[in-house]
Amino acid sequence: MVTFLTLICGVCWAGVYVESIRIGFKQKTYSMPFFALALNIAWEGIACYVGKTNYPGIQGVINLVWFILDIVILITYFKFGKEEFSSYADSRFFIPWSLLVLVMAFAVQYAFRVELPTDNLGSGIAAFLQNLIMSFVYISMLVHRKSDKGQSLIIAFCKWIGTLAPTITFGAIGGDTLILVLGIFCSVFDILYIVMLWDIKHEKKFAPSLQ
């Protein structure tokens with residue numbers, strides 16, 4: 001059961017990343033909110049570095065695949081993100097700001113592992129906290145852009161199921177109350193995001209016929 005849920009998590013999150021890459025290059029934008037992307041790539045990069053001892057087997061392979069895909073998403077951010085950044089700040093600050101956020105993300109993820117090293121507790125809590133942050137910032141991106149630009153229901157559904165699977169593994173089966181609570185609220189906000197995105201896409205689809 002645990003192996004099955006691990007595979008579900010791995011496949012669904014890979015689906016999030018692949019769809020984000022596809023849409024990013026197609027629409028010339030980035031599909032993952034940058035704070036979420038920074039925390040993701042930091043978590044996965046550190047996980048790959050310590051993977052031989054901390055993540056043997058399937059999870060180690062999954063982490064590596066995720067990390068490689070996230071690097072491509074990061075490319076779409078640096079390639080297309082400057083235009084959106086310049087709509088609310090001087091474009092000269094785009095690179096320094098982005099690098100600062102990446103440094104912050106790696107420092108925070110490293111600190112979780114140092115302070116909570118027992119049985120990967122730090123990495124687990126960090127993963128679910130960043131997932132909850134991601135659930136918020138996807139909604140924020142939808143509101144900020146006032147459109148479905150760079151977003152799709154595939155990303156939304158895969159993120160939800162990809163987080164729900166480890167919530168069951170570590171929260172329900174494993175008995176970790178904090179992870180269970182974080183995972184439940186991830187699902188609440190993920191479902192809200194799906195509903196909001198569905199509503200925008202539905203209105204967009206039928207708007208011409210209403211004019």
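Side-chain atoms are counted along with the backbone in the values below, which use heavy atoms only and exclude waters and symmetry mates. Position 1 is the first residue of the sequence, and the numbers go up from there. Bear in mind the structure is a predicted one, so any value in this text is a computation, not a measurement.
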### Query
For residues 62-88, which residue pairs qualify under salt bridge (Lys or Arg N to Asp or Glu O under 4.0 Å), counting only residues two or more places apart or in two chains?
E84-R145
Could you pull out every donor-acceptor pair under 3.5 Å between side chains of residues 133-140 and any protein atom, sequence neighbours left out?
residue	atom	partner	partner atom	Å
S135	OG	N131	O	3.0
S135	OG	K159	NZ	3.0
S135	OG	D190	OD1	2.7

### Atom pair CG/CH2 of N63 and W43 - distance to nearest 0.5 Å
4.5 Å
### Message
So, using ring-ring contact (aromatic ring centres under 6.0 Å, His included) as the criterion, who are the partners of Y88 when residues are at least two apart?
### Response
F85, H144
### Query
Can you find a heavy atom in the side chain of F112 that is under 4.5 Å from one in the side chain of L129?
yes
### Task
Measure the CD1-CD1 distance between I41 and I46 for me, rounded to the nearest 0.5 Å.
11.5 Å
### Query
side-chain contact (heavy atoms from CB on, under 4.5 Å) with T169: which residues, sequence neighbours excluded?
V2, L5
### Gap separating the CZ atom of F4 from the OG1 atom of T6, nearest 0.5 angstrom
10.5 Å
### Query
Just how far is it from atom CG of L178 to atom CD1 of I125, taken to the nearest 0.5 Å?
5.0 Å
May I have the list of side-chain donor-acceptor pairs in residues 103-110 shorter than 3.5 Å, sequence neighbours left out?
residue	atom	partner	partner atom	Å
Q109	NE2	L39	O	3.0
Q109	NE2	Q130	OE1	2.4

### Task
For residues S31 and I155, determine if any side-chain heavy atom of one lies less than 4.5 Å from a side-chain heavy atom of the other.
yes
### Query
Does some side-chain heavy atom of I173 sit less than 4.5 Å from a side-chain heavy atom of I168?
yes
### Task
Mind jotting down which residue pairs meet the side chain to side chain donor-acceptor pair (under 3.5 Å) criterion with at least one end in residues 90-99? Sequence neighbours excluded, please.
Y77-S98, D90-R92
Only distances under 3.5 Å count here; give the side-chain donor-acceptor pairs of residues 8-24 to other protein atoms, sequence neighbours excluded, each with its distance to 0.1 Å.
residue	atom	partner	partner atom	Å
W13	NE1	G162	O	3.2
Y17	OH	N40	ND2	3.0
Y17	OH	E44	OE2	2.8
E19	OE1	R22	NE	3.0
E19	OE2	R22	NH2	2.9
E19	OE2	S152	OG	3.2
S20	OG	V16	O	2.7

### salt bridge (Lys or Arg N to Asp or Glu O under 4.0 Å): pairs with one or both residues in residues 177-189, sequence neighbours excluded
none
### Query
Which pairs pass ring-ring contact (aromatic ring centres under 6.0 Å, His included) with one or both residues in residues 154-185, sequence neighbours excluded?
none
